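What you see is a predicted model; the values in this text were computed from it and never measured. Every chain is numbered from 1, with letters handed out A, B, ... down the list of sequences.
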Amino acid sequence: MIYNEEYETMPREALEAIQLRRLQKTVARVYNTVPFYKKRFDEVGVKVDDVSSLDDLRRLPFTYKDNLRDNYPFGMFTVPMDDVVRIHASSGTTGKPTVVGYTARDIQTWSELMARTLMAGGATRGDMIHNAYGYGLFTGGLGFHYGAEKLGASVIPISGGNTKRQVMIMTDFGPTILTCTPSYALLIAEVAEEMGVDFREFNFKAGIFGAEPWSEQMREEIERKLNIKAMDIYGLSEIIGPGVSVECIEAQNGLHIFEDHFIPEIIDPDTEEVLPYGTPGELVFTTITKEAFPVIRYRTRDISVLYPEPCRCGRTIVRMGRVQGRSDDMLIIRGVNVFPSQIESVIMEIDGIEPYYQLEVAREGRLDTLTVKVEVNEKVFSDEVKNLQNMERKLEKNIKEMLSVSAQVKLVEPKSIQRSEGKAVRVIDKREI
Amino acid sequence: MKVEQISIFLENKAGRLAEVTGILGREDINIRALALADTSDFGILRLIVNDHEKAKQVLKEQGFTVGRTEVVAVEVEDRPGGLNNILQILFENGINVEYMYAFVQQSGQNAVIIFRFDDIDNAVDVLMQNGVTVIGGEKLYAM
Ligand SMILES: [Zn+2]
């Protein structure tokens with residue numbers, strides 16, 4: 001089902017004409033109102049009038065996360081605070097958060113995009129949405145909330161945490177759409193099982209999961225354990241929050257980017273060269289309708305790939321592949337780039353293993369060491385030492401083959417790896433560099 | 001003529017074994033035999049208890065990974081060469097022993113050894129045909 005048929009299935013030519021007009025407006029807006037952008041544009045010698053085609057986007061300078069931090073808290077806003085109706089912030093791993101603002105029209109835009117997202121994921125106005133994304137400074141909770149109301153669905157603003165109560169509400173209210181992080185979806189199912197409740201008996205038909213990297217194997221596990229269709233969603237607060245792109249329930253194959261609001265590019269993270277469709281690299285977004293907080297060529301640090309082929313759901317907008325990892329999360333182990341999601345794919349290939357793992361990187365002398373801790377559950381447990389050791393060796397061999405990096409796999413007791421209700425702690429880096 | 005054994009996954013952390021025996025003790029479960037196989041980073045604790053159903057349940061509740069396996073309890077004459085005699089029978093019949101360990105109690109004058117076989121039915125047949133005494137579960141748990 002398509003919420004906004006006109007814009008989501010628009011012929012490319014018409015879409016690109018709209019994109020160009022909106023890009024030109026945005027470029028003028030940031031140049032004239034944000035000192036940071038004026039300075040950057042002047043430095044590289046590009047003028048507002050230079051943008052006469054979409055290809056001219058490449059002439060504009062990139063915006064980095066550090067630039068947002070340097071202008072903390074409100075230096076990147078294009079409007080006076082009088083026109084700002086909402087402020088969100090993303091937690092930084094170090095220091096100050098990144099602060100973003102919304103005008104009333106931005107909130108309308110975002111709500112529309114989230115209504116599109118929900119409908120792409122299988123929701124209609126007749127659905128009841130159990131929204132377990134966190135409400136607060138984080139964009140997840142409120143983003144889904146406004147989209148659900150815009151769609152006309154019934155939203156349960158339960159937020160994250162208190163999982164037993166979540167299971168009770170699911171039992172009593174019978175929601176049909178679940179929205180939360182993928183690891184929290186599995187945690188809810190686990191808690192339900194402990195409470196003696198069969199999650200598959202619930203009314204849920206679909207779930208939209210994001211805000212952390214996950215894998216195809218994790219999708220299969222969620223779909224099996226929760227008996228729902230699981231869609232991947234992408235977004236980040238610097239662009240708008242959730243609602244940048246989402247998978248459709250018809251194909252579940254790549255996330256449709258709402259290109260009438262955001263222009264995506266894929267670049268080589270080292271050379272910053274723009275890469276063609278189909279080549280993996282770092283995602284870069286330019287917002288073209290945002291008022292309070294537009295960004296020009298924002299380096300997301302997320303590794304993905306774009307493919308332009310129309311989808312069988314009818315949408316003509318470009319799709320991005322599942323995010324392969326963040327260049328921030330990217331571990332460089334003995335010179336090899338390693339994403340936690342790649343290790344997860346290897347682990348999940350073994351029947352019965354659950355996605356509870358942790359990567360521990362350390363340094364012995366001058367050599368990096370990678371230890372992959374994997375929890376042993378009843379399905380993979382054996383009373384014979386050799387069987388468990390064979391599993392360890394097999395995982396080590398597969399990791400070596402897939403990633404060209406040597407790892408030591410260590411089996412650990414169930415629930416010994418920290419569970420989190422929001423994002424999972426996948427990596428512990430003990431190296432002092 | 002088979003005996004139930006439970007096995008528990010343990011990380012090599014101080015005190016984990018004592019935790020298991022503590023839980024079983026509190027629940028009034030009697031350990032009849034115990035063997036720990038360990039590697040540099042994990043161990044597998046194998047137990048024969050008087051109530052394996054309950055043991056499995058309480059250990060699972062405490063978050064342990066617990067498995068169940070069928071093993072064979074064999075009477076071995078308590079004299080030099082007693083065990084060798086049995087191993088010889090198994091070898092000659094091409095039966096592979098995965099692991100074995102001793103039972104705490106004697107059966108009369110005889111020692112009791114617990115065997116884990118791949119092909120348990122065939123192993124029991126061969127042992128009995130060769131006049132070896134195999135002790136059934138009920139008798140063993142009560143010994
Ligand atoms: Zn589609």
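- The 12-atom threshold is not exceeded at CE of Met402(A), counting heavy atoms of other residues, nucleotides or ligands nearer than 6.0 Å.
- For Ala189(A), the side chain to side chain contact (heavy atoms under 4.5 Å, CB included) partners are Phe199(A), Leu226(A), not counting sequence neighbours.
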Original post:
Do Phe9(B) and Leu388(A) pass the side chain to side chain contact (heavy atoms under 4.5 Å, CB included) test, and can you show the C-alpha distance, the side-chain angles, and the key distance before you say yes or no?
Top reply: CA-CA 10 Å; Phe9(B) 180 84; Leu388(A) 294 182; 3.9 Å; yes
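- Between Ile44(B) and Phe381(A), the shortest heavy-atom contact is CG2-CZ, 4.0 Å.
- For chain A, the option among Leu45(B), Ile8(B), Ile6(B) with the highest count of heavy-atom pairs below 4.5 Å is Ile8(B).
- Take Asp351(A) and apply the side chain to side chain contact (heavy atoms under 4.5 Å, CB included) test, not counting sequence neighbours, and it matches no residue.
- Here the closest non-hydrogen pair linking Gly63(B) and Pro414(A) is O-CG, 3.1 Å.
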Across chain A and chain B, what donor-acceptor pairs are shorter than 3.5 angstrom?
{"residue": "Val376(A)", "atom": "O", "partner": "Thr65(B)", "partner atom": "OG1", "Å": "2.6"}
{"residue": "Glu378(A)", "atom": "OE2", "partner": "Lys60(B)", "partner atom": "NZ", "Å": "3.1"}
{"residue": "Asp383(A)", "atom": "O", "partner": "Arg46(B)", "partner atom": "NE", "Å": "3.1"}
{"residue": "Asp383(A)", "atom": "O", "partner": "Arg46(B)", "partner atom": "NH2", "Å": "2.8"}
{"residue": "Asp383(A)", "atom": "OD1", "partner": "Arg116(B)", "partner atom": "NH2", "Å": "3.1"}
{"residue": "Asp383(A)", "atom": "OD2", "partner": "Tyr99(B)", "partner atom": "OH", "Å": "2.4"}
{"residue": "Asp383(A)", "atom": "OD2", "partner": "Arg116(B)", "partner atom": "NE", "Å": "2.7"}
{"residue": "Glu384(A)", "atom": "OE2", "partner": "Arg116(B)", "partner atom": "NH2", "Å": "3.1"}
{"residue": "Lys386(A)", "atom": "NZ", "partner": "Glu98(B)", "partner atom": "OE1", "Å": "2.7"}
{"residue": "Glu413(A)", "atom": "N", "partner": "Glu11(B)", "partner atom": "OE2", "Å": "2.6"}
{"residue": "Glu413(A)", "atom": "OE1", "partner": "Arg16(B)", "partner atom": "NE", "Å": "2.9"}
{"residue": "Glu413(A)", "atom": "OE1", "partner": "Arg16(B)", "partner atom": "NH2", "Å": "2.2"}
{"residue": "Glu413(A)", "atom": "OE2", "partner": "Glu11(B)", "partner atom": "N", "Å": "2.7"}
{"residue": "Glu413(A)", "atom": "OE2", "partner": "Arg16(B)", "partner atom": "NE", "Å": "3.1"}
{"residue": "Ser416(A)", "atom": "OG", "partner": "Glu11(B)", "partner atom": "OE2", "Å": "3.4"}

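- Under the rule for a salt bridge (charged side-chain N to carboxylate O under 4.0 Å, His left out), the partners of Lys397(A) that lie at least two apart in sequence or sit in another chain are Glu401(A).
- Few gaps surround CZ on Arg224(A); more than 12 heavy atoms of other groups in view lie less than 6.0 Å from it.
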